[in-house]
Amino acid sequence: MNATAKLDEYIPVVGQAIIDDLKLLAERLAQKHVLHVNSTAVGGGVAEILSRMVPLLGEMGINTKWEVIKGGDQFYQVTKKFHNVLHGRPDEVTPADFEIFMETSRKNIAEMNTDYDIVFIHDPQPIALIQKKGQNKWIWRCHIDVSKPHPIVWAFLKEFIVRYDASVFSAPSFSQQLPIRQALISPSIDPLSEKNRELSPEDVDRVLAKYQISRDKPIITQISRFDRLKDPVGVIEAFLMVRKYIDCQLILAGGTATDDPEGLQVLAEVKEKAADNPDIHILLLPQNDFEVNALQRGSDVIMQKSLKEGFGLTVSEALWKVKPVVAGNVGGIPLQIKHKYSGMLCNSVEGAAFALKQILNSPAFAKRLGENGREHIRNNFLLTRHLRDYMLLFLSLDYAEDLVYL
Ligand code: UDP
């Protein structure tokens, strides 16, 4: 991991005015103590953002801490089930699930110090901590699409949500009517992090060589947790359709997050589907941002064929690296990709295969998609914009408006 970049290092990327703006906002929050709480320190988009956001808020003088709740296997199986059914996947949720959820919540409520001016809770796993609320301000940040949630799980969560001072969703279409203030803030990537910084061609080659991948034919890559909602099997199916016509290879790479117990099972399904095809490379990645960066940069096309998605940080990461992206038309992905302008959206395996063929057959088209994508990310989805939105939200908590559009 590289040391966290300092705020002024972002000036060449986004311009002086944006950094000056951030410093002015931070001055007004200088006395505040802020606590972020989520459920995993590594793996997945939330941890990725917090690992960059927290040090920068600190540098700007806002006293910011990040805590991770503690839970066992059973708890994470339940929260994974909640996550799936909130995204609309059918599954049976039982009273025992709620009891397991509350038992772990009670332990965290007893152990965690929430004595901060602002407590910022990420996603459903730590939601019940709101029971500790005093005079301080609490924000619930929902990173997932809850537009069509499981009614019983949503009703359970809502009992907690309504006690918060504000909620944050990534996009209007993800949210629900709530009697508390809502802010709409999309996530972001850090252009200077180990995962997104520029790399030399030698760095890229070294990582590809480590995984015994040669660059003698185009590389299509999806980097994601092995999760059915990321549709890794669908990626293989699309690849196999393309492979009939174009000599190319596929990398499916991912680690497993500590709050995701299904990963190994999905990995086994993926391996079975790949059936030792020498053009399909399945990589179980260690948590290593440099390698993810190099694999993304070494690829000719990036896929993110999700069936459901929160925001889909991997899409921003790839577009920032000027890559043509083929991605599912779900969740936050259409915010990042305008079809045929800054990437290709797909709704099926056949659609994904068709988009891959178009990209592989037309290098000029592929280049244009990547370049448009990078500018779109520069203008909308970099960490500096995200910091500004969070600081405006913190300031707004001292005022009484019902609705805050940032
Ligand atoms: N990621 C990673 N290693 C992996 C798989 C994913 O570092 O093996 C990163 C990926 O680069 C991205 C984040 O984890 O930064 C995943 O965020 P996204 O919003 O795409 O999906 P989530 O996992 O949160 O559903």
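Computation of the quantities below employed the complete heavy-atom set of this structure, encompassing side-chain atoms and omitting hydrogens, waters and symmetry-equivalent molecules. Indexing begins at 1, ligand by ligand and atom by atom, following the structure's order. In this text, all values refer to a predicted model and were calculated from it rather than measured experimentally.
Between atom 1 (N) of ligand 1 and the options Lys308, Glu48, His83, Lys195, the minimum heavy-atom separation is to Lys195. The nearest non-hydrogen atom to atom 20 (O) of ligand 1, considering only Ile189, Ile49, Leu313, Val315, comes from Leu313.
For the atom pair OG (Ser39) and CD1 (Ile121), the distance works out to 11.0 Å, reported to the nearest 0.5 Å. With values rounded to the nearest 0.5 angstrom, Ile333 atom CD1 is found 9.0 Å from Phe311 atom CZ.
Residue Gln287 touches ligand 1 through its side chain alone, judged by heavy-atom distances below 4.0 Å. Proximity of Val292 to ligand 1, defined as any heavy-atom pair under 4.0 Å, is confined to the side chain (atoms from C-beta onward). At a heavy-atom cutoff of 4.0 Å, ligand 1 is contacted by no atom of Gln304, backbone or side chain.
Residue Gln296 has no nitrogen or oxygen atom sitting less than 3.5 Å from a nitrogen or oxygen atom of ligand 1, judged on distance alone. Polar contact with ligand 1: absent for Ala253 (N/O pair, distance under 3.5 Å).
In this structure, Lys338 is positioned above the aromatic face of Tyr341, its NZ or CZ under 6.0 Å from the six-membered ring centre and within 45° of the axis.
Here Arg197 does not pair with Asp190 in a salt bridge; the nearest charged N to carboxylate O distance is not below 4.0 Å. Glu317 and Lys321 are not joined by a salt bridge, as no carboxylate oxygen comes within less than 4.0 angstrom of a charged side-chain nitrogen. Using a cutoff of 4.0 Å between basic side-chain nitrogens and carboxylate oxygens, Asp117 and Lys137 are not scored as salt-bridged.
Which parts of ligand 1 touch Lys230 is read off a 4.0 Å heavy-atom cut-off, strictly below it: atoms 21 (O), 22 (P), 23 (O), 25 (O). Heavy-atom contacts of Thr314 reach the following atoms of ligand 1: 10 (C), 11 (O), 12 (C), 20 (O) (cutoff under 4.0 Å). Atoms of ligand 1 lying under 4.0 Å from at least one heavy atom of Gly312, given by number and element, are 19 (O), 20 (O). Shown in contact with Glu317 at under 4.0 Å from a heavy atom are these atoms of ligand 1, numbered in order with element: 10 (C), 11 (O), 12 (C), 15 (O). Heavy-atom contacts of Gly255 reach the following atoms of ligand 1: 4 (C), 8 (O) (cutoff under 4.0 Å).
Judged as a side-chain hydrogen bond (donor to acceptor under 3.5 Å, both in side chains), the pairs with a partner in residues 268-279 (not counting sequence neighbours) are, in order, Lys217-Asp279, Arg228-Glu269, Glu237-Lys273, Arg243-Asp279.
With sequence neighbours left out, the side chain to side chain donor-acceptor pair (under 3.5 Å) criterion links Arg215 to Asp205.
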